[in-house]
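Notes follow the structure.
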Amino acid sequence: MDFTHLLRPSSFDELVGQEHLSGKGAPLRILCEKLALGHSFFYGPAGCGKTSIARIISKKMELPFYEFNATSLKVEQLRKIFDQYKNTLQKPLIFIDEVHRLSKNQQEVLLPVMENNSALIIGASTENPFFSLTSAIRSRSMLFELKYIENSSLLKLLEKALKHADLMCDEDASEYLVASSGGDARSMLKLLEFASSIKNHITLELLKSLRPNALSVGSSEAGVHYDLTSALIKSIRGSDADAGIYYLARLIDGGESAAFIARRLVILASEDVGNANPQALTLTTSTLTSVSQIGYPEAKIILAQAVIYLCASPKSNSAYLAINKAEQAIHDGVMLEIPQNITQRNIGYLYPHDFGGYVKQDYLSKPLKFVELKDVGYEKKMKEWMFGIRHS
C-alpha cells in the first residue's frame with residue numbers, strides 16, 4: 001500500500017506540520033486563497049511537504065499542475081507547455097524540484113514567463129536556493145522555508161495511516177516509527193509501507209529488521225549544517241559538556257568532516273575561552289593537526305576530548321571584544337599618528353628591558369581603551385600583573 005500517495009494532503013487543513021505556512025492566517029495561505037500568490041520557492045528538509053504544498057496551491061488556485069526535476073528538465077519541455085497556454089486565459093503551475101540545480105539557460109527560459117505571469121513558477125529544494133538563482137529570478141519571487149516535521153505531527157499522520165490500512169502497531173513500534181524518521185514524513189510512511197507488506201501486526205522487532213538505526217537528519221543541507229554547528233558552539237560556550245558531545249555526535253553522524261569541526265573549535269578557543277585559559281588554543285590547534293593526519297573513526301575521540309576540555313575551561317571573550325572595538329574605531333575614522341618613539345626611527349624610545357621589563361612611555365598619540373580583561377581563570381592573573389606594573 002502506497003501510504004505516501006494515499007495520505008497526500010489535498011488542502012492546507014490536511015497538511016501535517018508547517019503551520020507557519022498552512023495555518024489559518026498564514027501569509028502563504030492567504031495569498032493562495034485570494035489567488036494572489038506569486039512565483040515562490042520552498043526549501044527545507046526531505047519529506048517535509050514541499051511537493052504537497054505545491055499541489056495544494058495548484059488545486060486551490062485551479063491551475064494545471066506540471067511537475068519536473070531540475071536534474072532532468074529539458075528547456076524544450078518548458079517551451080512546449082508555455083506555447084500550449086500562450087493564447088489561453090488559463091495559466092499552468094510549473095513545479096520544479098531540486099531547483100538549486102537549474103542551469104543559467106533554464107533560468108533564462110523561465111524569466112520571461114515570470115515577468116509576464118503567463119505561468120506560476122514554484123520551485124523546491126533541500127538547500128536554500130537563494131545563491132543558486134539569478135538576481136532577476138530572486139527579485140520576481142518569494143522564498144519560504146519549511147521545517148522538519150515535529151514528532152507530535154508525525155504521530156498524528158501515523159495514526160491516520162494505521163487506521164486507513166487497518167493495521168495493528170505496538171506502542172514501542174509507533175514510537176520508533178516516529179522517532180527514527182528524523183522529521184521526514186515520507187520516510188516514516190515508507191517504513192510503515194514495507195513493514196505492512198510483511199505482516200499486519202507492526203512490531204518494534206520488525207521495524208528494526210528493516211531500519212536498524214534511526215535516520216540522521218544529517219548536516220549536508222545548509223540549514224541543518226549551520227544549526228548543528230551553532231548548537232555545538234553555543235553548548236560549549238555555555239559549558240554544557242553533555243550537550244556539546246551530543247551535537248558533536250550529530251555532526252559526525254551527519255557526515256561532517258573532522259577538519260571542519262576542529263577548525264570551529266580552534267576559533268572558539270580564542271573567541272570564547274581566550275586568555276582565561278590560553279592552553280585551549282594550543283590544544284585545539286593540536287586537535288586540528290591530529291584529525292587531519294588520523295581521520296575517522298579515531299578522530300571522533302580527539303574531537304570529543306577537545307569539546308570536553310573547552311566546556312570545562314573558564315570563558316572570556318575579551319580578545320574578541322577588543323579587536324572588534326579597535327576595528328570599529330578605525331572604521332569610524334580614528335586614525336592616530338604613530339608616536340615618534342615607537343617608529344623605526346626610535347626617537348626617544350625607551351627599551352623596557354633596560355628598566356626591568358617595564359617603563360612608562362607613549363605608545364598611542366592619545367589614550368584609547370579596547371581591552372577589558374576579566375576576573376576569570378588565567379586572565380585574572382594577567383589583569384593583576386598589568387595593573388601592578390602600571391601602579392607600582
Side-chain angles (χ1 to χ4, degrees), residues 4 8-71 73 91-102 106-107 110-111 113-115 117 119-150 152-154 157 182-187 217-218 220-228 230:
T4 304
R8 187 182 292 279
S10 59
S11 68
F12 284 118
D13 290 331
E14 293 179 7
L15 188 69
V16 173
Q18 316 307 336
E19 285 78 9
H20 64 296
L21 300 179
S22 64
K24 292 179 180 178
L28 172 70
R29 179 168 177 169
I30 293 173
L31 287 170
C32 184
E33 290 173 344
K34 290 186 174 182
L35 307 182
L37 183 68
H39 311 298
S40 304
F41 294 93
F42 302 120
Y43 74 99
C48 67
K50 297 184 291 294
T51 303
S52 293
I53 289 180
R55 288 180 176 274
I56 291 170
I57 291 170
S58 171
K59 183 177 181 181
K60 192 69 179 176
M61 297 181 69
E62 298 182 346
L63 303 176
F65 186 81
Y66 294 87
E67 183 174 352
F68 300 98
N69 190 295
T71 58
L73 176 62
K91 65 180 180 181
L93 188 156
I94 308 296
F95 175 70
I96 305 173
D97 203 4
E98 299 295 324
V99 71
H100 64 281
R101 298 185 183 276
L102 281 175
Q106 290 170 327
Q107 293 189 48
L110 291 175
L111 192 56
V113 176
M114 296 177 71
E115 178 66 30
N117 286 311
L120 178 62
I121 306 299
I122 293 183
S125 174
T126 54
E127 299 180 15
N128 188 330
F130 181 85
F131 297 105
S132 60
L133 297 174
T134 64
S135 58
I137 294 282
R138 294 198 305 267
S139 68
R140 290 166 172 80
S141 58
M142 294 178 292
L143 192 65
F144 296 99
E145 181 180 7
L146 280 74
K147 311 290 186 180
Y148 284 99
I149 300 176
E150 294 182 357
S152 58
S153 297
L154 285 178
L157 182 62
D184 184 334
R186 180 170 53 239
S187 172
V217 297
S220 58
E221 291 92 5
V224 181
H225 163 86
Y226 290 117
D227 282 345
L228 288 175
S230 176

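Smallest separation of non-hydrogen atoms from T134 and Q107: N-OE1, 2.9 Å. The two residues P45 and T126 have their closest heavy-atom pair at C-CG2, 4.4 Å. The two atoms that bring S125 and H100 nearest to each other are OG-ND1, 2.6 Å, heavy atoms only. Closest non-hydrogen pair, I56 versus S10, comes out as CG1-C, 4.0 Å.
Side chains of S11 and D13: a donor-acceptor N/O pair is absent below 3.5 angstrom, by distance only.
You'll find the side chain of I121 stays beyond 4.5 Å of the side chain of S141, heavy atoms only. Here the side chains of L15 and L21 are not in contact, with every heavy-atom distance at 4.5 Å or above. A heavy-atom distance below 4.5 Å is not found between the side chains of E145 and H20. Under the 4.5 Å side-chain criterion, counting only non-hydrogen atoms from C-beta, F12 is in contact with C32.
The distance from atom CG of L110 to atom CG of L102, rounded to the nearest 0.5 Å, is 6.0 Å.
By the 6.0 Å contact criterion, NZ on K91 is enclosed, its count of non-hydrogen atoms from other residues, nucleotides or ligands being greater than 12. Within 6.0 Å of CD on E33 lie more than 12 heavy atoms contributed by other residues, nucleotides or ligands.
Of the possible polar contacts, none joining the H39 side chain to the I137 backbone as a donor-acceptor pair under 3.5 Å is found. Remark: the backbone N or O of K147 is paired with a side-chain donor or acceptor of Q18 at under 3.5 angstrom.
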